[in-house]
Structures are given as structure tokens and as C-alpha cells.
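Throughout, protein chains are lettered first and strands after them, A, B, ... in sequence-line order, and every chain is numbered starting at 1.
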Amino acid sequence: MKEYNPREIERKWQRIWEEKKVFEASEDQSKKKFYALIEFPYPSGEGLHVGHPRPYTALDIVARKRRLEGYNVLFPIGWDAFGLPTENYAIKNKIHPRIVTDQNVKRFKEQLKSIGFSFNWDREINTTDPKYYKWTQWIFLKLYEKGLAYKKEMPINWCTSCKVGLANEEVVGGKCERCGGEVVRKVKNQWMLKITEYADRLIDDLETVDYVEKIKIQQINWIGRSEGMEVEFKIAGKEDSLTVFTTRPDTLYGVTYMVIAPEHPLIEKYKDSIQNIDEIYEYREYVSKKSDFERTELSKEKTGVEIKGIKAINPVNKKEIPIWISDYVLMSYGTGAIMAVPGHDTRDWEFAKKFNLPIIEVVKGGDVEKEAYTDTEDGILVNSELINGLRVKDAIKKISDWLEENGLGKRAVNYKLRDWVFSRQRYWGEPIPMIYCEKCGWVPVPEEDLPVELPEVENYEPTDTGESPLANITEWVEVDCPKCGAKARRETDTMPQWAGSSWYYLRYTDPHNDKELASKEALEYWTPVDWYNGGMEHTTLHLLYSRFWHKFLYDLGIVPTSEPYKKRTSHGMILGENNEKMSKSRGNVVNPDDIVNEYGADTLRTYEMFIGDFEKSVPWSENGVKGCRRFLDRVWRLQDIVVDGDEYTKELESKIHKTIKKVSEDYESLKYNTAIAALMALLNDFNDHGKITKADFKTYLILLNPVAPHITEELWEIMGFEGMLNESTWPKYEQEKIKDDVIEMPVQVNGKVRGTIVLNADDGQDQAREKAKENQNIMKYLAGKTIVKEIFVKGKIYNIVVK
RNA sequence: GCCGAAGUGGUGGAAUUGGCAGACGCGCUGGACUCAAAAUCCAGUGGGGCUUAAACCCCGUGCGGGUUCGACUCCCGCCUUCGGCACCA
């Protein structure tokens, strides 16, 4: 017997698979299709990380199993290559991001190929390829055409010393990550996408898909739909009123003041009537340095300023109440103004205490002098003229009707979800295909002029006016207006990295099409994606954005289904040996190349699947890797004990059928670790028995193949089995062979196991009682007691309750 | 802070979803082989008690309560850790 040499056989089979194109999806649409999708990687400069192969191997297992089951499988790969790190690297090292991207992709590709994934390399895509982003731009034009893209003033993070816009991640503790300079919020006119228009459908359609429950919950909470009232508070002596959204109109009598966001436009409008306007401006300046996250933190000390000179009128009792500004009210959520009910809201209570504002109890049950009473579900209203004595639920209904009848408010739905800020002041992204003309306003680039390609630039730094580096390329920026022909300017902002990843799974179905984003036939056949696996960290952004775009394309009649992904699962992270996140600075990064070189790709794959619960984070362990290599060594040596035979070994037959069942089911339900454990156990049984037939071994190799494709393919060839393993058929188990004739059943007395009895599979309680009587230990606990109850669960347990 | 998830031997994790807690792997201990080591193979391995041994008994799934014949699993209240929080991807 030759020694197991993974290096040699892995290269050999990878070459054969590639030459024979065995994993390419076929154009034959008569076959049943299966579309497996992994989140395409961002080709970073650090190269592949051992975290990457975990989800890839998992779906590679499913893809390989499906092919053996006779499906036409699409399992594509590509590159999500626009993005900040590449651009920053390019700036620092004065290399074009195109070159950096190409280098990184090349490295990633070699690394992925060395692990033996059965990707459809012939369908590889790259979001930075103009042939690809032509269609990203095209989708944007459609969104604009349908009124879903619009311009709005939005704040960006602005470093006062570098004079550039920063990503949130580049702001650390209010300072610029690069230079330590102060970061403030600066308002810029930006492109927005109306994802809120799809909010209800994004919630409702979750019922039609098979996503892990926690993913659905996260999405629903992120969208944050709530039903309530929009209530009008008149400004005393003025025409205007402030609108607030509340889910608790029943507490209106408890409103003792209002708070508006420091950025609220009302302040500018009435600045002449406001006596302390300087103080207000000063506070606004202070707030501009904080993120929304810092502003709404509950634990922090409340701050705020009263607007002196204007008052609001509570619509239910016509009382005049003060208006304050405070950072805990955000312009971006609801209407930018709130009614404060300090008696029954924790934040309002803290604010009222700090600034000595009155607190009125309107729901009985707590002590509003000591703390806000918020647990009011079954409470009764007090101090509330119209609704006194009513339960909260009924009070809400009555006061809502009353407000509507009197024109003081209307029922409304509010979402936490905000529209998508779609502009970036960056170079390395898709140019937004819009042109601004003094006369015509914003004019879309005509479709036939797509793609709008990124021009060559000398310098990738954003300009010090806060515009993208593209703004400096005069010959690119200055164009004729497509509508009137006058001199006009291109939009110089680019799209966020999320744009390209919002529709990439569609392009895979027809990646070389230059007429459409993909052909109708290809989309009809391949979509929706049957199984999409990705990280939990993408649940609220990427997953939601791509569902939004897909629904939009569905409305246009371009894609045939309203949801892009039939099934979504998620994987856990791989941590360093010290149980911390792998990072360069912690020095605990493991490079998959080292594992492939030392132990082999099959060992890496097996270990990553065996490492633990697929959905949980787990620490890496080099010893664990060795254990998996030992397992494969023992599989290799099985060839020593193989004897001729077309049937399963009698004594092993039942175990083999059980393992087929277990492995087949576990591969489908993310339980790769227990599937491998079952294969290890069967291997132990094989060795205990001392010899196995060719039939035993053949089935074993097929079951292990999706996890360890190279070694199994090699052993297949060594054994002289017909054709290649990847062309064979997934084994089936027989229910008859799995059933046990006799079972061991634990017998409990008062819930504690006191012995086991052996029963025939179809024996009932009477037989169990007889058998139990033969067991001395069980009888010991029954002696002198009366049996009050017997619980018999067939095949599981027999419990005798005595007194 | 808000939303989501998780806590089981020395260690990664299993447990047919309310029915014998610790499968499988790692580590460790002992043995075989070897001049020796590595590799490999065999045996043992939650803690405690009792015993020559087996049998057997008690304790044990983050902490505190509860429901149940029976709880790692369900309920209530805590603690700790991890993911996300909209310009990292």
C-alpha cells in the first residue's frame, strides 16, 4: 500500500476535475436544478483566512451531494471587490486600486482552488468589472425612473484635520482613526434609496421563505414597524404645529413638555422669536460631534436646552407646555419631535428629574416620584379626563378616535427602518450615472451610454471640500446635458459597496450576457437561490438590501419571483486558539495555506466541519486538525481490510444503513460535525470487525466524499470502482434494515434510573412490567411501596411512581 | 442602551427536541511495539463514596426560583460572553 500523500493526490484530482469540467452547471434545463450560494468574498490584502472555508465547505458538501443525487447544480463564485480597505491601501501605497484588486483576486483564487471547492469557475464575476457594474448602474437608473432614488441632505462624518469624509468605522471615540483629529458631522446632499417603500413587503414576505428563525426576527425588528398616532401639537400664537408619532396616545394627559431634535428645522424658522438662540446653537454644535448611537444611549447623563420664547399646546387639555431640544431625539427617526411623558417613559423621566419638569401619573400602579412606571399593559388610566378608568388598550382606541374626529391627529404606521444613504465620497465604487444640468436639473445618463466607467486618477484622496476624488477630473466631470445639450456636470459620488452585492446572485445565472443583466430563460430556470448561507453580521444590511432590490426587479417584471433566496442559514465565526477574534494585531491568525501544505485540503475541510456547531463561534485548535488528519489516515488504511463482495457485511449492514440515514440528514441540516462523528464511529466498527467488503467501502467513500473529495476519489480509483466517484450515485438506506429487533429500555422509579430491561421492539407496558420484576435492583425500590402511577413511553422509558 | 444568540467534563462539542447527560474528537494516564523517540495499536478517563472486583449509591449542564412522574431542554428573575446597530465587509 502506498502512503497517503495529500499534496500529490489533491493536485492530481484538482487538475482532473478542472480539465474534465466535472462541476460546471449544465445548460440542460430538463434536469432538476439546485442553486447553492455562498457570500462572495471581499478580496482583502490579507488573503484567505481560515474563517472563509467554513461556509464554503458546508455548501460545497451540499452541492456535491446534490450532484450525486442527480441535480443540475449551480455553485458559483465571484468577487465583491469595491470597497474602502482597497482604496485606503491604494492611497497609502500609491498603487491603482484596480491593480491591488487584481493582485488580491489572484491570490484568493489560488487559495480557494487549493482547497478543492466545486465552484463553477467558468461563471466567475467581479463587481468592479465595467461589464458587471454596467448593470448595477442600470438598476440605479431604473430606481431613479420609478422615483425610488432621490437627493436629500444627510450628515457625513467629517475629519476637521484631514478634511475628508470618514466611514463610521474610521471614527474611533469621536476622533479620526488615521490622524486623531476631531470628527464632526457635516451635512451633504446625497442620493437616497426609498427602501422604506418596501418595508411592509419586506416583513410580510418573510413568511414565504425558509430562513433560520433568528434571522427573520432580526429583520423584523430592524424594520421596526409600529402602529400608532400622529398627533398635532400647535405652537402657541403661531401657524405651525409640531407632529409627533406615538404608540401611546392614551398617555397624552401625562405630557408635560416636548423635545425636538437639535437639528429640527423649526428652530431656524423661529430663530427671531427664540430668546436663547445662541445657547441653542452652541448645544447643536456640541451634538454634531456625537453619533446617533452615543446620543441614544440610555445610561448616559441627559443633556438639553429649553427653547425660550415658544411653547406648544397639548391638544387634549390645551395646556401650554415648554419645548426642549435634546440629543436623545433624532431627526432620522419618526418626525424628529417627541411628546414627553415622564411618568411612564424612562428617558423622559430621567430628563424631567434632571431639569425639574413636572411628572404626572396617568396610569395607576407605580410610584412615578421614584421611577417611571412603564409596565402598564393592564393598567387603568387616571388624571385623564376623557379616558379615566379605562384599561390602556381601550383608552388608546377611544382617544385615537377622539383625536381623529377633532382633526388633531391621525392613525399612522412608523418604521425604525430608514432610507438607504446611497452616496459615497470615494473613488473605488460604481459611479452614480447621473448628470446635473443647470437648466434640466438631474438627468440620468442614457442607457446606451452605460457603463459610466471610472476614469484614471492620479490621487485617490477625497477632495478637501468633501467631494469624491472624481470631482477633480475636469474632463470626466464636464459633459453635455443629455437632454438639452448645455454644459453639465457628472455626479461625482460613487455607490456603496452594498450595491454590487445586492444583485450578484442574478448575474451568476448568465454572467456573460451583454444585452441584459441576465436572460429571461436563465432567470426562470435558476432563480430563486435554493440555499444561501452567510454570516449573521449580514442579516440586517446586505440581506435586507438585496431583498429590496430583488422585489424592485420583480415589480419591473425582470425576475420571476418576489424573493431572491428560498432558504437562508448562517455560520459562526472561527476564533483564534486563545478564544479571541482572529486579527493581525492579536497575532492569532491562522492561514489556510499552512494547513493545506502540512496536512492537506481534505484535513482542513474535515476539521472545519468537525470543529463544532456550525452556527456557533468556535476557537481554532491545531490539535483538532491533527485528529482529523489521523481520521483520514485511518480511512486510507481501510483499503488493507477490504475483501471482495457486492453486498454489505451482514454484521455491519444495520450500522451502514443507519449511517447513510444519519449522514444524509445531517448534511442537510447544518450538522456536519455529527455527520463526521457518525463516519468516525462507523470506521471504528469496520476496524473492530476486522474486514469489510468492497460494497461496504464503496458506500463509505461516497458518504465521506462531499467532506473529503480528494482522498475518496483516489481510493475509489485504487479500488477499481467504475468511473469517477463524482459521477456515481448517492446511496439510499432501507428503513427495514434500521429497525432494531430488541431494545434496551431504562426503568425509572420516581424519575431515577434504577435499571435497564431488554424488550422486543413491539413489546408494550405489560411485557415491560414483567421484565422489571426480574430486576432485583428495581424491585428493591418498589418493596413495601404502593405504585401510584406508571409512565410507559414506547421505545424510550418506563417510569414507576411509588409512595 | 436597543435587537439577536450562547453558557454542558481538563478541552471542542453530543443528547432522537421533555425520557439512561457527556456520542465523536482532542488532551491526559497506563500498556504493546522500539536500543530510544516519533508514528501506530490496545485499555482507561465528569466529581465523590463504597468495594479485592463487579454491582450499587450520592452530586453534577452559568446562578436563584418554579412547572412536571421525569428538565441541559419549558416558565420567571439574574450574571457572563459573542454578533448587529445603518459609510468595515
**Q** Need one value for A/Ser621: base, sugar-phosphate or nothing, where a base atom within 4.0 Å counts as base even if backbone is also close, heavy atoms only.
**A** nothing
**Q** Just to be sure I understand the rule, does A/Ile156 reach a base, reach only the sugar-phosphate, or reach nothing, if contact means heavy atoms closer than 4.0 Å?
**A** base
**Q** Any N/O pairs under 3.5 Å between the protein and nucleotides 71-77 of chain B? List them or say none.
**A**
none

**Q** Closest nucleotide of RNA chain B for A/Val801 versus for A/Ile215: which of these residues is on the 5' side?
**A** A/Ile215
**Q** Do any side-chain atoms of residues 80-91 of chain A form donor-acceptor pairs under 3.5 angstrom with protein atoms, and if so which ones, sequence neighbours left out?
**A**
residue: A/Asp80; atom: OD1; partner: A/Gln497; partner atom: NE2; Å: 3.0
residue: A/Asp80; atom: OD2; partner: A/Gln497; partner atom: NE2; Å: 2.1
residue: A/Thr86; atom: OG1; partner: A/Tyr42; partner atom: OH; Å: 2.7
residue: A/Glu87; atom: OE1; partner: A/Tyr427; partner atom: N; Å: 3.4
residue: A/Glu87; atom: OE1; partner: A/Trp428; partner atom: N; Å: 2.8
residue: A/Glu87; atom: OE2; partner: A/Tyr427; partner atom: N; Å: 3.1
residue: A/Asn88; atom: OD1; partner: A/Arg426; partner atom: NH1; Å: 3.3
residue: A/Asn88; atom: ND2; partner: A/Glu170; partner atom: OE2; Å: 3.3

**Q** Between A/Trp420 and A/Tyr545 (judged by ring centroids, cut-off 6.0 Å), do the two rings come close enough to count as a pair?
**A** yes
**Q** Determine the contact category for A/Asn684: base if any of its heavy atoms lies under 4.0 Å from a base atom, sugar-phosphate if only primed atoms, P, OP1 or OP2 are that close, otherwise nothing.
**A** sugar-phosphate
**Q** Base, sugar-phosphate or nothing for A/Leu541? Non-hydrogen atoms, less than 4.0 Å.
**A** base
**Q** Between N or O atoms, less than 3.5 Å apart, protein on one side and nucleotides 46-57 of chain B on the other: list the pairs.
**A**
residue: B/rC57; atom: OP1; partner: A/Arg754; partner atom: NH1; Å: 3.0
residue: B/rC57; atom: OP1; partner: A/Asn777; partner atom: ND2; Å: 3.4
residue: B/rC57; atom: OP1; partner: A/Tyr781; partner atom: OH; Å: 3.0

**Q** So, under a plain 3.5 Å distance rule, would you say the side chain of A/Gln748 forms a donor-acceptor pair with the base of B/rC20?
**A** no
**Q** Looking at A/Asp633 and A/Arg629, does any basic side-chain N land under 4.0 Å from a carboxylate oxygen?
**A** yes
**Q** Could you tell me whether A/Ser423 contacts a base, only the sugar-phosphate backbone, or nothing, with contacts defined as non-hydrogen atoms closer than 4.0 Å?
**A** base
